[in-house]
Amino acid sequence: MANARFEALFNTNNHEVGTINTSWAKPITNGAILTGGNADNYTLVEEAGFDSEGNRLCKPLTSNAVKGFILSTNEEEALFGDGELQGNYTDFYNKEGDMCNLIIQEPYLRFETSAFTKNAGLTAVAVGNVAHYDATTKKYIISAVGSEHEDYANSANKYLVVGVDTDFGVNLGVTTIRLECK
């Protein structure tokens, strides 16, 4: 059985972090309410219709064939709640029912994320590798060019690795990579 104290004590510092690398990224106007479970920032979500009040709904990506939106909700409001530091970036996630910020993926848009894993046989992530988002693991799978993951070819969400072990200033030692949307 779960309880709030257990959650608060033991489920910290285990969420994905990242950042959008431009102020010119295009958000979905008014964001969307998250349905279908919790989701970490800098993972992908898809549209899920509208509620009875006309609010857009989103849910964690369900298929590699669906073009997703980057979930990029601003942690600053929660991080410095009441003017005091309330944790760190790895403590924050988007809870089902939260209003979320969604970024439209466009070619050449760059962002950083810690939500990645290496394809089998890849020993080290390098600039020039390719990636795709896996709806099952909720991670970007990094592959060498010419040895792409079996799902890469049919994925609607493809990227180029343009930075490795990036540090955007608030990743608190979490390894991040910079991806560029294709």
Side-chain angles (χ1 to χ4, degrees), residues 7-25 27 34 37-45 60-61 64 67-80 85-95 98 100-152 155-182:
E7 292 283 322
L9 289 172
F10 297 104
N11 289 337
T12 60
N13 301 339
N14 60 353
H15 294 285
E16 306 299 350
V17 297
T19 189
I20 299 294
N21 293 146
T22 179
S23 60
W24 297 104
L34 182 62
N38 301 335
D40 281 345
N41 269 344
Y42 305 98
T43 60
L44 299 185
V45 295
L61 198 69
N64 292 345
K67 186 72 170 176
F69 297 95
I70 300 170
L71 182 56
S72 176
T73 303
N74 189 344
E75 303 99 336
E76 298 292 327
E77 294 172 14
L79 187 64
F80 293 102
L85 186 63
Q86 303 294 317
N88 66 54
Y89 288 91
T90 58
D91 290 333
F92 293 96
Y93 63 97
N94 298 277
K95 186 172 181 161
D98 282 352
C100 301
N101 187 37
L102 307 182
I103 302 295
I104 298 169
Q105 295 191 79
E106 294 183 313
Y108 309 109
L109 173 70
R110 290 182 174 196
F111 65 100
E112 295 176 44
T113 183
S114 62
F116 71 93
T117 188
K118 295 181 287 193
N119 188 18
L122 186 67
T123 56
V125 178
V127 171
N129 288 150
V130 294
H132 75 284
Y133 188 80
D134 181 59
T136 303
T137 63
K138 309 298 183 213
K139 300 230 183 237
Y140 300 88
I141 299 177
I142 312 302
S143 300
V145 174
S147 299
E148 292 87 357
H149 186 275
E150 62 186 286
D151 294 336
Y152 178 81
S155 176
N157 303 286
K158 295 180 183 177
Y159 310 90
L160 179 64
V161 177
V162 294
V164 179
D165 201 14
T166 56
D167 182 357
F168 54 93
V170 293
N171 59 356
L172 301 161
V174 175
T175 301
T176 56
I177 58 170
R178 184 173 294 128
L179 299 175
E180 180 178 278
C181 298
K182 286 188 164 192

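Scope of the values below: all heavy atoms of this structure, side chains included, with no hydrogens, waters or symmetry mates.
No donor-acceptor pair under 3.5 Å is formed between the side chain of Asp134 and the backbone N or O of Ile141. Ser114 places no side-chain N or O within donor-acceptor distance of the main-chain N or O of Thr175, the cut-off being under 3.5 Å. Remark: the backbone N or O of Ala124 is not paired with any side-chain donor or acceptor of Lys118 at under 3.5 angstrom. Asn64 contributes no side-chain N or O that, together with a main-chain N or O of Ser155, makes up a donor-acceptor pair within less than 3.5 Å. Side-chain atoms of Lys138 come within 3.5 Å of backbone N or O of Leu61 as a donor-acceptor pair. Listed for the Thr113 side chain is a donor-acceptor partner under 3.5 Å among the backbone atoms of Ala115. Looking at Ser147, its side chain never comes within 3.5 Å of a backbone N or O of Ala144 through a donor-acceptor pair.
Side-chain contact, Asn119 with Glu148: no donor N or O sits under 3.5 Å from an acceptor N or O. Side-chain polar atoms of Gln105 and Tyr159 form a donor-acceptor pair below 3.5 angstrom. A donor atom on one side chain and an acceptor atom on the other are not found under 3.5 Å apart for Asn94 and Asn38.
In terms of heavy atoms, Ile20 sits closest to Ser72 at CG1-OG, 3.6 Å. Nearest heavy atoms, Cys181 versus Ile70: SG-CD1, 4.5 Å.
With Phe111 as the fixed residue, the ring-ring contact (aromatic ring centres under 6.0 Å, His included) test singles out one of Phe116, Tyr140, Phe69, Tyr42: Tyr140.
In the displayed structure, Lys67 atom NZ is contacted under 6.0 Å by more than 12 heavy atoms of other residues, nucleotides or ligands.
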Intermediate values then yes/no, side-chain contact (heavy atoms from CB on, under 4.5 Å), Ile177 and Glu112
CA-CA 5 Å; Ile177 58 170; Glu112 295 176 44; over 6 Å; no

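We find that Glu16 and Lys139 are joined by a salt bridge, their nearest charged nitrogen and carboxylate oxygen being less than 4.0 Å apart.
Between His149 and His132, the angle of the ring planes lies from 30° to 60°, which puts this pair in the tilted group.
You'll find the side chain of Val145 stays beyond 4.5 Å of the side chain of Asn129, heavy atoms only.
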